[in-house]
Amino acid sequence: MESNTLGVGANFYNFRDDSVYLGASFTRFTGDIDVCEVVFCISGDISNTRFGGEIGWDFDYYTPFIGATFDTGEIEFLGQSESDDEWSFNAGIWLTLDMVYLRGVVYSIDDSDSRSISGGFLYQMDNDFVFGAAVEFLLDSDSDGMSFTLSFGRAF
């Protein structure tokens, strides 16, 4: 099975010195999926919507957090569609280095089949605009998976 998807999303991160950290995210992506058996392949469409929330505590230079993610997805083959809803739990940390925020997360801690690890950064420019990137890798030894994200936003 092979799939390629593209999507858009929005993230909100609320940092306060020595205070509660809150994060929220929304992502919607769609793409194609191919399932092949020896000489015959079936193509279809795949879509997914993801909602996430995080809570942690900001300790000046590092912010550990936990979170939950709700995924709702749909796969369509030959006019037939299947949908799946799934909750997962996450844990991670933000490290603050002046104007750069480094982020590390383990997603789906409770599910070894879809567990992944992600690393990324946010860079806050002098004009309060923010640029970021992240890469995520699936840790399941039976499957290969990778995600790359670019972000652009504004600090308030």
Side-chain angles (χ1 to χ4, degrees), residues 1-15 21-56 62-97 100-125 129-155:
M1 179 171 57
E2 183 177 304
S3 69
N4 293 304
T5 59
L6 289 174
V8 296
N11 295 316
F12 172 78
Y13 304 120
N14 184 9
F15 295 94
Y21 155 77
L22 297 172
S25 64
F26 166 80
T27 307
R28 172 76 178 156
F29 51 93
T30 60
D32 301 320
I33 186 168
D34 296 320
V35 178
C36 296
E37 293 286 333
V38 186
V39 292
F40 130 72
C41 293
I42 298 175
S43 294
D45 297 318
I46 187 171
S47 64
N48 192 38
T49 303
R50 176 178 290 168
F51 302 95
E54 302 169 350
I55 188 166
Y62 65 97
T63 306
F65 63 88
I66 57 171
T69 303
F70 177 72
D71 281 292
T72 179
E74 184 176 16
I75 298 176
E76 185 176 323
F77 286 112
L78 305 171
Q80 303 271 341
S81 66
E82 251 184 69
S83 61
D84 186 28
D85 298 334
E86 183 177 293
W87 281 96
S88 62
F89 299 98
N90 320 311
I93 191 166
W94 284 97
L95 297 175
T96 306
L97 307 170
V100 176
Y101 296 82
L102 301 177
R103 176 181 167 93
V105 185
V106 177
Y107 291 101
S108 298
I109 292 173
D110 54 323
D111 183 3
S112 63
D113 291 337
S114 59
R115 188 173 299 138
S116 62
I117 189 166
S118 173
F121 73 93
L122 288 177
Y123 173 69
Q124 185 174 340
M125 298 174 225
F129 283 100
V130 179
F131 174 76
V135 64
E136 182 178 347
F137 294 99
L138 190 62
L139 296 177
D140 183 8
S141 62
D142 294 336
S143 304
D144 292 329
M146 185 259 201
S147 165
F148 181 72
T149 305
L150 288 175
S151 303
F152 186 73
R154 178 137 170 93

Novice: Can you find a heavy atom in the side chain of Y107 that is under 4.5 Å from one in the side chain of S88?
Specialist: no
Novice: For the residue pair R115 and S108, what are the closest heavy atoms and their distance?
Specialist: NE-O, 3.5 Å
Novice: Are any of the side-chain heavy atoms of L122 and Q124 separated by less than 4.5 Å?
Specialist: no
Novice: Nearest 0.5 Å, what's the CG-CG distance between D71 and D85?
Specialist: 9.0 Å
Novice: Identify the heavy atoms of M146 and V135 that sit nearest to each other, and give their distance.
Specialist: CE-CG2, 3.9 Å
Novice: Rounded to the nearest 0.5 Å, what separates atom CD1 in I93 from atom CZ in F65?
Specialist: 8.5 Å
Novice: Counting only N and O atoms by type, is there a donor-acceptor contact under 3.5 Å from the side chain of D110 to the main-chain atoms of F89?
Specialist: yes
Novice: Report the C-alpha separation of I55 and I66 in whole Å, then their side-chain angles, then the decisive distance to 0.1 Å, and conclude whether the side chain to side chain contact (heavy atoms under 4.5 Å, CB included) test is met.
Specialist: CA-CA 6 Å; I55 188 166; I66 57 171; 4.2 Å; yes
Novice: Please report the shortest heavy-atom distance between S43 and D34, naming the atom on each side.
Specialist: OG-OD1, 2.6 Å
Novice: Are the aromatic ring centres of F131 and F152 under 6.0 angstrom apart?
Specialist: no
Novice: In Å, rounded to the nearest 0.5 Å, how long is the span from OG1 of T72 to CG of D84?
Specialist: 8.0 Å
Novice: Is R28 close to S47 at the side-chain level, that is, under 4.5 Å between some pair of heavy atoms?
Specialist: yes
Novice: Do any N or O atoms from the side chain of D32 and from the backbone of T5 form a donor-acceptor pair under 3.5 angstrom?
Specialist: no
Novice: Surrounding CG of L150 (heavy atoms of other residues, nucleotides or ligands, distance under 6.0 Å), is the total greater than 12?
Specialist: yes
Novice: Rounded to the nearest 0.5 Å, what separation is found between the CD atom of E86 and the OG1 atom of T69?
Specialist: 10.0 Å
Novice: Atom CD in E82, atom CZ in F77: separation rounded to 0.5 Å?
Specialist: 8.5 Å
Novice: Aromatic ring centroids of Y13 and Y101 under 6.0 Å?
Specialist: no
Novice: Classify the ring geometry of F70 against W87: parallel below 30°, tilted from 30° to 60°, perpendicular beyond 60°.
Specialist: tilted
Novice: Out of curiosity, I109 CD1 to N90 CG, how far, rounded to the nearest 0.5 Å?
Specialist: 6.5 Å
